[in-house]
Amino acid sequence: MIPIYTVGGPAIEKGRLLACLIALMFGPVADPLPFFTRLWFSFVCALRVVVDGAFAGRVWAVRDRKPALPETSPGSAVEPEADDVEPEADDVEPEADDVEPEVDDVEPDADDEADLDAAGPPDVTPSREEAALLLLAVLQREGRLVDFLEQDIENFDDADVGAAARVLHAGCRKALHRLGDVTPIRDEEEETRITVEEGIDTGEVKLVGAVTGDAPYRGILRHKGWRVALQLPAPTAEHDVSVVAPAEVEL
Amino acid sequence: MSRYAIGIDLGTTHCAIARTALDGDGTTTEVLEIPQLVAAGELAEQRLLPSFIYISPEAEGPQAVPWDSGREVAVGAYARARAAEVPGRVVASAKSWLCHPSLDRRAGVLPLAAPAEVEKVSPVEASFRYLEHLVEAYDDRYASDGGSLTEQKVIITVPASFDAAARELTVEAALAAGIEDLTLLEEPQAAVYAWLEQAGEAWRGQLSPGDVVLVVDIGGGTSDFSAIAVQERDGNLALERIAVGDHILLGGDNMDLALAYSVKQRLEEEGTTLDSWQMGALTHAAREAKEKLLGQAGAASVPVVVPRRGSKLVGGAIRTEVTRDELRKLVLDGFFPQVAADARPAQRRRAGLTQVGLPYAQDAGVTRHLASFLGRQAEAAGQEALLRPTAVLFNGGVMRSELLRERLRGTLDAWMESLGGSAVRTLTGGDLDLAVARGAARYGYAAETGSGVRIRGGTARAHYVGIESAVPAVPGLEPPITLMCVAPFGMEEGTAVDLPAHQLAVVVGEPVRFRFFGSSVRRHDEAGTTFERYPAGEIDELPPIEVTLTAEDRTEGDLVPVYLHAQITPVGTLQLDAVPTEPKRDDERWKVELSVRDAGPDDAGPDDAGPDDAGAEA
């Protein structure tokens with residue numbers, strides 16, 4: 001009766017958000033690793049799956065969500081071993097116990113159990129660079145970050161810079177808190193003496209000063225550290241993410 | 001079989017959606033994230049979907065969402081962001097237009113300031129767009145668990161003050177979005193259900209027979225009051241909604257604007273002028289300042305910076321501040337003045353805060369509107385002077401502020417004290433932005449499984465048709481009109497009444513219009529009651545209703561005596577039928593349309609003669 005009612009198209013990009021989320025959590029999928037690295041890695045993983053329940057669970061989850069990731073066009077997964085492997089932290093030695101490389105696909109036969117409801121046309125998952133640009137776009141839009149960084153502020157007095165900082169602070173803070181959770185790594189007061197226990201993640205705590213001997217270490221907490229869990233927006237298919245702020249023309 | 005009860009808060013400024021698993025124990029209500037465009041080409045999930053529609057120009061390309069890459073309109077956060085930048089292309093406050101008393105609500109009127117090339121949408125289509133977005137986003141994101149939203153049991157909330165036609169149009173929009181298993185629920189009732197859910201079985205300890213709960217719901221654009229009485233029935237506590245207020249277009253947005261205009265005026269006195277973009281930025285900053293000052297008791301002022309517009313951020317910014325005094329004067333005393341119990345809203349025209357078209361409240365004093373509500377409803381509830389609430393439940397984003405809750409509570413207490421009553425208790429609920437959606441989902445669960453407390457109440461208004469008396473025409477004098485009650489106050493869902501034949505006759509083949517009226521205070525009129533005079537202010541005229549007798553078994557031009565049959569459908573809408581006193585067939589009857597299309601030039605088109613509008617229900 002009212003002709004303007006139109007029903008939207010089918011859900012063609014099902015699973016996109018999930019795909020983007022996974023990509024953000026685990027990083028973009030890397031190129032296939034060399035054969036011997038994979039051989040070594042499959043051994044490490046097999047062992048770890050057996051001894052570390054939590055790790056096994058994560059691998060399982062990754063394997064289950066596999067169809068949502070882009071690098072799985074039919075025919076590409078022909079290798080008998082793990083084919084898409086990306087160590088999470090590049091700067092940590094692979095032998096270290098606490099490194100948890102994310103494994104995309106452990107067993108080739110996992111394909112058979114792939115979630116059928118996530119099947120669909122290939123998704124556009126933002127690359128590492130695209131994700132960074134999106135974050136920059138959000139911080140620019142809400143807190144004018146790029147405007148601030150790109151301006152020469154040498155000749156302005158502190159009052160002007162301060163006024164700008166308020167805009168920057170209010171906008172960026174709001175955006176950051178909306179997009180994710182920011183939590184300190186250490187709960188102790190800064191400038192107090194703390195103990196760094198054995199087995200702590202070496203990425204979480206940076207030791208400075210006279211670093212000798214083994215953990216536990218005693219020292220003064222100079223900076224409590226930040227951990228951020230982000231859930232970035234996803235670009236739509238045609239969106240050029242390098243446009244962090246469009247030029248504005250008022251008509 | 002539905003897997004979930006879905007609660008949809010179809011709000012004036014934002015929508016929210018929650019669901020409760022029907023096979024669980026009812027404690028699993030979750031508020032869902034809604035994927036939406038938050039900027040050009042940028043999709044994110046948020047719990048609130050701003051009720052805005054952006055009709056993008058062709059040059060901008062489609063507003064692609066994961067489920068439709070060719071979408072021409074954007075709904076949600078991006079649309080709201082565009083509202084200040086391109087006001088002629090953004091639809092806002094569509095729900096207020098849906099209950100506009102003198103407007104064809106199916107005619108394309110929004111956005112008001114749209115340029116000629118923009119295809120305007122009707123208030124009904126706007127509601128449809130929000131629901132469509134919710135359905136598609138849900139299906140894209142959540143359908144893998146339990147299927148499409150359209151397969152679930154859906155509860156959509158409407159303001160308690162919505163008239164019969166606005167309720168019916170909401171159902172029409174929902175049907176167009178594919179929602180069929182649908183029930184309407186009043187927003188304040190949903191807020192109470194959310195409170196009941198949160199309180200658990202402990203609620204029986206917090207309320208006792210004789211209590212009257214006042215629900216104060218102040219959102220971004222509207223204020224709504226309801227009263228719910230606690231009674232004892234068969235040894236159990238039972239709840240009954242005894243009064244609803246009128247639709248008041250007054251909310252948090254007005255407060256932001258009031259602050260922004262005050263700052264603007266001060267700046268102008270200092271010689272600084274603002275352009276419209278800066279005014280937008282200032283309104284935004286004023287809102288943040290308001291929330292900060294309302295949130296923390298300590299700060300005496302909050303700095304406000306309106307930056308330059310270009311790519312240079314540093315230098316040239318307008319710096320000022322919003323002080324606590326200003327907040328107190330404008331928001332606290334302006335919108336929540338401590339008035340006496342017999343205060344009533346002023347009816348004078350206000351300038352500055354009104355927009356052409358919508359019947360915005362002329363008095364910004366929320367407390368005066370509240371006093372008026374309690375005063376008008378007192379008699380209806382059998383109390384003198386003032387309806388006396390014993391407890392208050394706050395809802396809506398504005399009521400998040402402890403300072404404002406405190407002010408309202410203090411005002412209520414003063415009124416009760418002046419009448420010799422005792423202080424009003426506060427019922428503490430959950431997130432005031434999301435409670436309505438949560439409560440609606442919980443209500444859906446209770447209704448489906450037959451568990452938990454239900455609020456009784458029936459229709460919140462009595463409805464009347466106006467029958468013009470047959471008298472000789474006198475120029476300049478309207479013929480006297482007799483009102484006949486067609487649906488009494490408190491009619492329960494699923495009930496029906498036949499009205500006595502009352503000189504009603506309809507010409508076959510011609511649309512016939514009746515004047516239509518509603519009252520939220522006349523409790524004792526029964527179906528069929530007629531009268532000619534009534535105290536001013538008790539009855540409001542609603543848009544006319546219309547019936548067309550199709551000529552099937554009858555001869556065009558014949559005069560057919562009919563009587564009216566009223567029923568409240570299970571969905572919660574009023575349905576009026578015209579039934580011939582001498583039917584040609586057993587089931588011969590014609591539906592009376594509550595929302596009639598204007599025959600104005602704006603909406604003349606091929607769609608006007610649709611079968612639904614004038615359809616025989618035979």
* Asked: Between the main-chain N or O of P233(A) and the side-chain N or O of E42(B), is there a donor-acceptor pair closer than 3.5 Å?
  -> no
* Name the region of R144(A), side chain, backbone, both or neither, that has any atom closer than 4.5 Å to a heavy atom of chain B. => both
* **E250(A), part contacting chain B, at a heavy-atom distance under 4.5 Å** => side chain
* Any chance CD of E150(A) has more than 12 other-residue heavy atoms, nucleotides or ligands included, within less than 6.0 Å? -> no
* Asked: Hey, is R319(B) close enough to D160(A) for a salt bridge, meaning N to O under 4.0 Å?
  -> yes
* Would one find more than 12 heavy atoms of other residues, nucleotides or ligands at under 6.0 Å from atom CZ of R173(A)? -> no
* To do: Flag yes if more than 12 heavy atoms outside E129(A) fall under 6.0 Å of its CD atom; otherwise flag no.
  => no
* Structure fact -> Of A170(A), A137(A), A247(A), A159(A), the largest count of non-hydrogen pairs under 4.5 angstrom with chain B goes to A159(A)
* Residues, nucleotides or ligands: over 12 heavy atoms within 6.0 Å of D275(B) CG -> yes
* To do: Check the pair R71(B), T236(A) against side-chain contact (heavy atoms from CB on, under 4.5 Å), reporting the backbone distance first and the verdict last.
  => CA-CA 12 Å; R71(B) 186 56 52 98; T236(A) 54; over 6 Å; no
* More than 12 heavy atoms from other groups under 6.0 Å of CZ on R227(A) -> no
* Report yes if the side chains of R166(A) and P303(B) come closer than 4.5 Å at any heavy-atom pair, otherwise no. => yes
* Is the NE2 atom of H223(A) crowded by more than 12 outside heavy atoms at less than 6.0 Å? -> yes
* To do: Check whether more than 12 heavy atoms from other residues, nucleotides or ligands sit under 6.0 Å from atom CD of E191(A), and answer yes or no.
  => yes
* Asked: At a heavy-atom separation under 4.5 Å, does V167(A) approach chain B through its side chain, its backbone, both, or neither?
  -> side chain
* Contact leader toward chain B among Q140(A), K174(A), R141(A), where contacts are heavy-atom pairs under 4.5 Å -> R141(A)
* Rounded distance [0.5 Å steps], CG in D152(A) versus NZ in K312(B) -> 9.5 Å
* Structure fact -> Rounding to 0.5 Å, atoms CD (Q151(A)) and CZ (R308(B)) come to a distance of 6.5 Å
* Asked: What part of E248(A) lies closer than 4.5 angstrom to a heavy atom of chain B: side chain, backbone, both or neither?
  -> side chain
* Q46(B), part contacting chain A, at a heavy-atom distance under 4.5 Å -> side chain
* To do: Could you look at L37(B) and say if it's the side chain, the backbone, both or neither that has a heavy atom under 4.5 Å from chain A?
  => side chain
